[in-house]
Each structure stands twice: as structure tokens, then as C-alpha cells.
Amino acid sequence: MYEKTFPNKRFKHTIEFLEKHVSKNTSILDLGVVNPFSKIMKEHDYKVENTQGEDLDIDTSKIENSTAEVVTAFEIFEHLLSPFTVLKSIKSDKLVASVPLKLWFSSAYRSKTDLLDRHYHEFEDWQFDWLLEKAGWKIMDRQKWTNPTKKIGIRPILRWFTPRYYIVYAERV
């Protein structure tokens, strides 16, 4: 997935946000397979268990049976047809989740080679807030950041000041 680029800025913001809201040595269920960021969480002394690549739209048993204190979902919900079902199945009282924001000047992301690496949803911040609220979560903190590129053109210029990522810390109501 990160053969040519590594999202250092996103990872830096994400770990800082996580450390602000989740104490070290906390057990975490990270939605998605083991990835570079789950390894970073472990390096920061979090006890991380990942889902195994099952289709979370169909099989939420790993989430339902988890005893983790916190669930994290970093750039996962945009890939699901029904993120509401996943959010409702979480037993933990704490959630840290991030999503890429919908960019008015760019189409939704779609890998041509990996069928699982496609965005079914690209949220506006209010849509993600509403989804969380309807699923029984209260947002306690939120943050957005941009994702500038070093390319030339109108879209790359817009990426310098248009927020691309949105992260929230939420607690079960």
C-alpha cells in the first residue's frame, strides 16, 4: 500500500491525537489488518489487536467479542457500505476514528488494482458527526488537517489549504 509514499504527516497527527485521549498501555482493537500505523501504536506502548481482514460489512464478530478498552478506526469507514452497523457493534466505550474528507474538486478514491482499496463514502465532517451520533456516540474532540502535495496544478494548490483528514475522539452515550 505504501510502496512509494508514507503518510508521515497523517501518522504524526494521528499518534498525537491518540496520545492526547488514550493513556499508554491501553488495550486497543484497531479495525483493519496489521498496518504501518498499528505498528507505530505498539511502538508507543499501546496493546493493539487488529481485525483479520474479514469483511466488516458482513462479519462483526471480532468487534462484538472484543474486550479492548478502546476501538480505533483510521481510514476504515470510507471503505464500508454500512459503517453504521460496525459503529453499533462496538462494545468499548471509547472510539478514536479518522476519515478522509470529501474534496469538492476531486472524485472519490478508487484503486484500479485492489478491489478492497476503494472509497464507498467520502464524508463531509457533519456527515461523519451525524453517523456517529446516530450510532450512539458523543464526539468529545475533533481535529482536521490538510494533505499538501509537491505537485504542480490547481488541485495540488487546493490541497494546501483544504482539510483532507478528520479525526474524532468519541465516547459511547
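The backbone N or O of Arg164 sits nowhere less than 3.5 Å from a side-chain atom of Asn147 that would complete a donor-acceptor pair. With hydrogens and angles ignored, the 3.5 Å screen pairs no side-chain donor or acceptor of Ser38 with any backbone N or O of Val34.
Legend: residues meeting side-chain contact (heavy atoms from CB on, under 4.5 Å) with Ala135, ordered by chain and number and at least two apart, are Phe84, Leu87, Lys88, Trp137. Scanning for side-chain contact (heavy atoms from CB on, under 4.5 Å) contacts around Glu69 gives Thr26, Ser27, with sequence neighbours left out. Residues satisfying the salt bridge (Lys or Arg N to Asp or Glu O under 4.0 Å) criterion with Arg172, sequence neighbours excluded, are absent altogether. For Tyr169, the ring-ring contact (aromatic ring centres under 6.0 Å, His included) partners are His21, not counting sequence neighbours. With sequence neighbours excluded, no residue satisfies side-chain hydrogen bond (donor to acceptor under 3.5 Å, both in side chains) with Thr149. Evaluation of the side-chain hydrogen bond (donor to acceptor under 3.5 Å, both in side chains) rule for Thr60 yields Glu64 as partners, not counting sequence neighbours. In this structure, the ring-ring contact (aromatic ring centres under 6.0 Å, His included) partners of Phe74, at least two apart in sequence or on a different chain, are Phe37.
In this structure, Ser23 and Tyr46 approach most closely via the heavy-atom pair O-CE2, 3.2 Å.
Residue Val99 is not grouped with residue Val33 when hydrophobic side chains (ILVMFWY) are merged at heavy-atom distances under 4.5 angstrom, including chains of intermediate members. Cluster membership check: Val168 does not share its hydrophobic cluster with Val173, using side-chain heavy-atom separations under 4.5 Å among Ile, Leu, Val, Met, Phe, Trp and Tyr.
Proximity of Tyr166 to Trp145: side-chain heavy atoms (C-beta onward) are nowhere separated by under 4.5 Å. Side-chain atoms of His44 and Ile15, non-hydrogen and from C-beta on, do get closer than 4.5 Å to each other. Side-chain contact between Met140 and Glu171 is present, with heavy atoms from C-beta onward closer than 4.5 Å.
Contacts classified as salt bridge (Lys or Arg N to Asp or Glu O under 4.0 Å) and involving residues 142-152 (residues at least two apart or in different chains) are given here: Asp125-Lys144, Asp129-Arg142. Residue pairs satisfying the salt bridge (Lys or Arg N to Asp or Glu O under 4.0 Å) criterion with at least one member in residues 20-37, sequence neighbours excluded, are listed as follows: Glu19-Lys24, Lys20-Asp141. Sorted by first and then second residue, the side chain to side chain donor-acceptor pair (under 3.5 Å) pairs with a member in residues 90-101 read Glu75-Ser98; sequence neighbours excluded. Identified under the salt bridge (Lys or Arg N to Asp or Glu O under 4.0 Å) test for residues 34-59, with sequence neighbours left out: Glu49-Lys62.
Note that CG of Leu95 and CG of Leu132 are 6.5 Å apart. Values are rounded to the nearest 0.5 Å. The structure places CD of Glu122 at 13.5 Å from CZ of Phe128, a figure rounded to the nearest 0.5 Å. Residue Thr85 holds its OG1 atom at 11.0 Å from CD1 of Ile58, rounded to the nearest 0.5 Å. One distance of note links CD of Gln143 with OG1 of Thr14; it measures 8.5 Å at 0.5 Å rounding. Note that CD1 of Ile157 and CD1 of Ile152 are 9.0 Å apart. Values are rounded to the nearest 0.5 Å. Annotation: the span from Thr51 atom OG1 to Leu56 atom CG amounts to 5.0 Å, rounded to 0.5 Å.
Residue Trp126 shares its hydrophobic cluster (ILVMFWY side chains chained together at separations under 4.5 Å) with Trp130.
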Discussion item. As a quick check of understanding, evaluate side chain to side chain contact (heavy atoms under 4.5 Å, CB included) for Glu124 and Gln127, giving each step before the final call.
Written reply: CA-CA 5 Å; Glu124 293 184 37; Gln127 291 171 310; 3.5 Å; yes
Item to complete: Give the C-alpha distance, both sets of side-chain angles, the deciding distance and a yes or no for side chain to side chain contact (heavy atoms under 4.5 Å, CB included) between Ile28 and Val71.
Response: CA-CA 6 Å; Ile28 294 175; Val71 169; over 6 Å; no
Worksheet item: Which is it for Val86 and Leu31 under the side chain to side chain contact (heavy atoms under 4.5 Å, CB included) test, yes or no, and what are the steps along the way?
Response: CA-CA 10 Å; Val86 171; Leu31 303 185; 3.8 Å; yes
Item to complete: Just do the side chain to side chain contact (heavy atoms under 4.5 Å, CB included) check on Thr146 and Trp160 with the steps written out, would you?
Response: CA-CA 6 Å; Thr146 60; Trp160 278 90; over 6 Å; no
